[in-house]
Protein chains: 2
Amino acid sequence: MAPLVPPATLGRLVTYLRVLTELGAAGTERVSSDELGERAGTSAFQVRKDLATCGRFGTRGSGYSVATLDRELRRVLGLTREWPVAIVGMGRLGQALADYPNFGEFDFVLRGAFDVDPEKVGMAAGSLVVRHLRELPAAVRDEGIQMAFLTVPASAAQDAADELVAAGVRGILNFAPSVIHVSDGVRVEGVDFLGGLQRLSFALGGQLTLASRQVDPMA
Amino acid sequence: MAPLVPPATLGRLVTYLRVLTELGAAGTERVSSDELGERAGTSAFQVRKDLATCGRFGTRGSGYSVATLDRELRRVLGLTREWPVAIVGMGRLGQALADYPNFGEFDFVLRGAFDVDPEKVGMAAGSLVVRHLRELPAAVRDEGIQMAFLTVPASAAQDAADELVAAGVRGILNFAPSVIHVSDGVRVEGVDFLGGLQRLSFALGGQLTLASRQVDPMA
DNA sequence: ATATGTGAATTGATTCACAGCG
DNA sequence: CGCTGTGAATCAATTCACATAT
C-alpha cells in the first residue's frame, strides 16, 4: 500500500495542528477551511484535500471544531503518547537542545544525552548527565527510546547514525549538513539550516545568473 | 516565467554540492550521475534531470568533473559572493548560532545580532555585540544585510518578521515553530525541528491508527 | 445559505528509454 | 563502448467545480 498520507500533506498537517493550537489558545471554537488555509499559508482546497486523507472531521455549513480537529490531528500524527528522545552529540547544538525547556508541551521527553568525547561524558545537560555512546543500546532497550537528535559534526554523522540504527532507534532527526544512509524501516528527517541559507542564496540572487552559459566540463 | 529551478530540485542541488565538496576533499576528480545519485540518496536519472535544469556540465562517456560541477553549482546557487547575515533573537538558539564557527566555509558572514530585551543588548555574541532591534534598519542599509536568522519565540515571530521586512531584509530563515506571512519578494525558509519530530512521530506510529474511524465533528 | 468532501482536470515531478556525444 | 542529456510516459500533487450535508 502507498503511504496513507503523502509526504507533502504530512508537513502541512503539522502546520495545521500548530494553527489550531494558536486558535485554541485564543479561545476560537470553530474554523473554516478558508481561514485555516489562510493562516497556514495555503489554500482552502488544499486544507480540505489534506484533511480528507485521514478522515472526515468537519461539518458542512459550519466548518471544523478547533478542539476536535486538534485532537484528531494529534491522533493521526501519533501525538497521543509520550515519545522518549535521546541526543547524540553534545556539542553546542546538542547542549542547546538539552536545555530546551518545553518538549513536554509537544509530547516529547528527553531521556538520554550521549557523546564519545571523554571530556563531555559526565557533564550535566539540562536535567540529564551525558553518557558515553556505548551505553546507547542499553538505554534504547531499557528506556524505550525510539527517536534521536543527531547533533554530531558532519564528518561523524554516518558513523553515529550506524550506531543509532544498531541500537534500535527507528527515527533520526539529522541536524548535520550531510546525507546519511540507514536501513529500511528507519526514518530520517533533516533539520538543515545551512541548506536553508543556500536555498535563500539561490532565491535572492542565484537565479539571475543565466543557466545557459556553456562550460568546458573537462576544465 | 516559472521558476528556473523547481523547488524540489533546488533542495537536491544543495545536497549534490555537499557531496561534491566531500568528494573534492577526498581527492576524487570525476563522478558519474550514478555515484552522485547513490551518495545523495536519489537516482542517477534524477541527478541528470536536476542538473539539466541549470546547464550542461558533464562529459558523455566520462561523467562530471568534481571541481567544475562544484563551481557551477555554487554559481547557480549564488554562492560566489559573500552574504552578510543578521540574527534576530538572542536566546539560547541565537547565541548558539552566533558561536557557530564556520559560516565562512559557506560564504555567509555574521554581521549583526539583535534583540529587544535590554538585558541582552550590549552582551557579546560570538565576535559581535548585541544591538537593539531598532538599529536593524540602519544595519541593513549600511552593512548590506539581506538575510536574517529569525530565532525569537513563536509568539514574537510574526512581529519580528514584520520588522525584518520593513528594514529591507529579503530572505528569512525562520527557526520558530510558526507560520510567518511576508510581502511578495521576501523569501522564507523554515528550519523546524519540532515539526521534524512530529513527522517522525507519524512515521513511527501515527499511521497505524486507522484513518477510517468516523468522529462526531460537533464534539 | 453555507462550507465541507470528493471526483475530474490540470499541473508538476519523477521515471524511463534511448538518442547523441565523446 | 559508456555515460550524459532529453523527449516521452508515468506517477503524484494541486486546483477546481459541484454535489452533498447541516
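Convention: sequence-line order gives letters A, B, ...; per-chain numbering from 1.
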Contacts under 3.5 Å, N or O only, protein and nucleotides 4-7 of chain D:
from, atom 1, to, atom 2, distance (Å)
D/dT4, OP1, B/Ser33, N, 2.7
D/dT4, OP2, B/Ser33, OG, 2.6
D/dT4, O2, B/Arg60, NH1, 3.2
D/dG5, OP1, B/Phe57, N, 3.2
D/dG5, OP1, B/Gly58, N, 2.8
D/dG5, OP2, B/Tyr64, OH, 2.7
D/dG5, O4', B/Arg60, NH2, 2.9
D/dG5, N7, B/Arg48, NE, 2.9
D/dG5, O6, B/Arg48, NE, 3.4
D/dG5, O6, B/Arg48, NH2, 2.9
D/dG7, N7, B/Lys49, NZ, 3.3
D/dG7, O6, B/Lys49, NZ, 3.2

### Query
Over how many whole Å does the gap from B/Asp50 atom CG to C/dT14 atom P extend?
7 Å
### Query
Is B/Glu35 atom CD crowded by more than 12 heavy atoms from other residues, nucleotides or ligands, each under 6.0 Å away?
yes
#### Entry: Side-chain H-bond candidate by donor/acceptor type, A/Gln158 with A/Asp162, under 3.5 Å
yes
### Query
Is A/Glu22 atom CD crowded by more than 12 heavy atoms from other residues, nucleotides or ligands, each under 6.0 Å away?
yes
### Task
Starting from P on D/dA12, measure out to CZ on A/Arg12 and report it in whole angstrom.
16 Å
### Query
Which is true for B/Thr9 with a 4.0 Å heavy-atom rule: it touches a base, it touches only sugar-phosphate, or it touches nothing?
nothing
### Query
Between atom CD in B/Gln46 and atom P in C/dG12, what is the gap in whole Å?
17 Å
### Query
According to a strict under-4.0 Å criterion, is B/Ser43 in side-chain N/O contact with OP1 or OP2 of C/dT15?
yes
#### Entry: Sequence-distant partners of A/Gln146, side-chain hydrogen bond (donor to acceptor under 3.5 Å, both in side chains), two or more places apart
A/Arg170
### Message
Whether B/Arg111 and B/Glu143 form a salt bridge (side-chain N of Lys/Arg under 4.0 Å from carboxylate O of Asp/Glu) is what I want to check.
### Response
no
### Message
Please tell me whether A/Thr42 and A/Arg12 have a donor and an acceptor in their side chains that are separated by less than 3.5 angstrom.
### Response
no
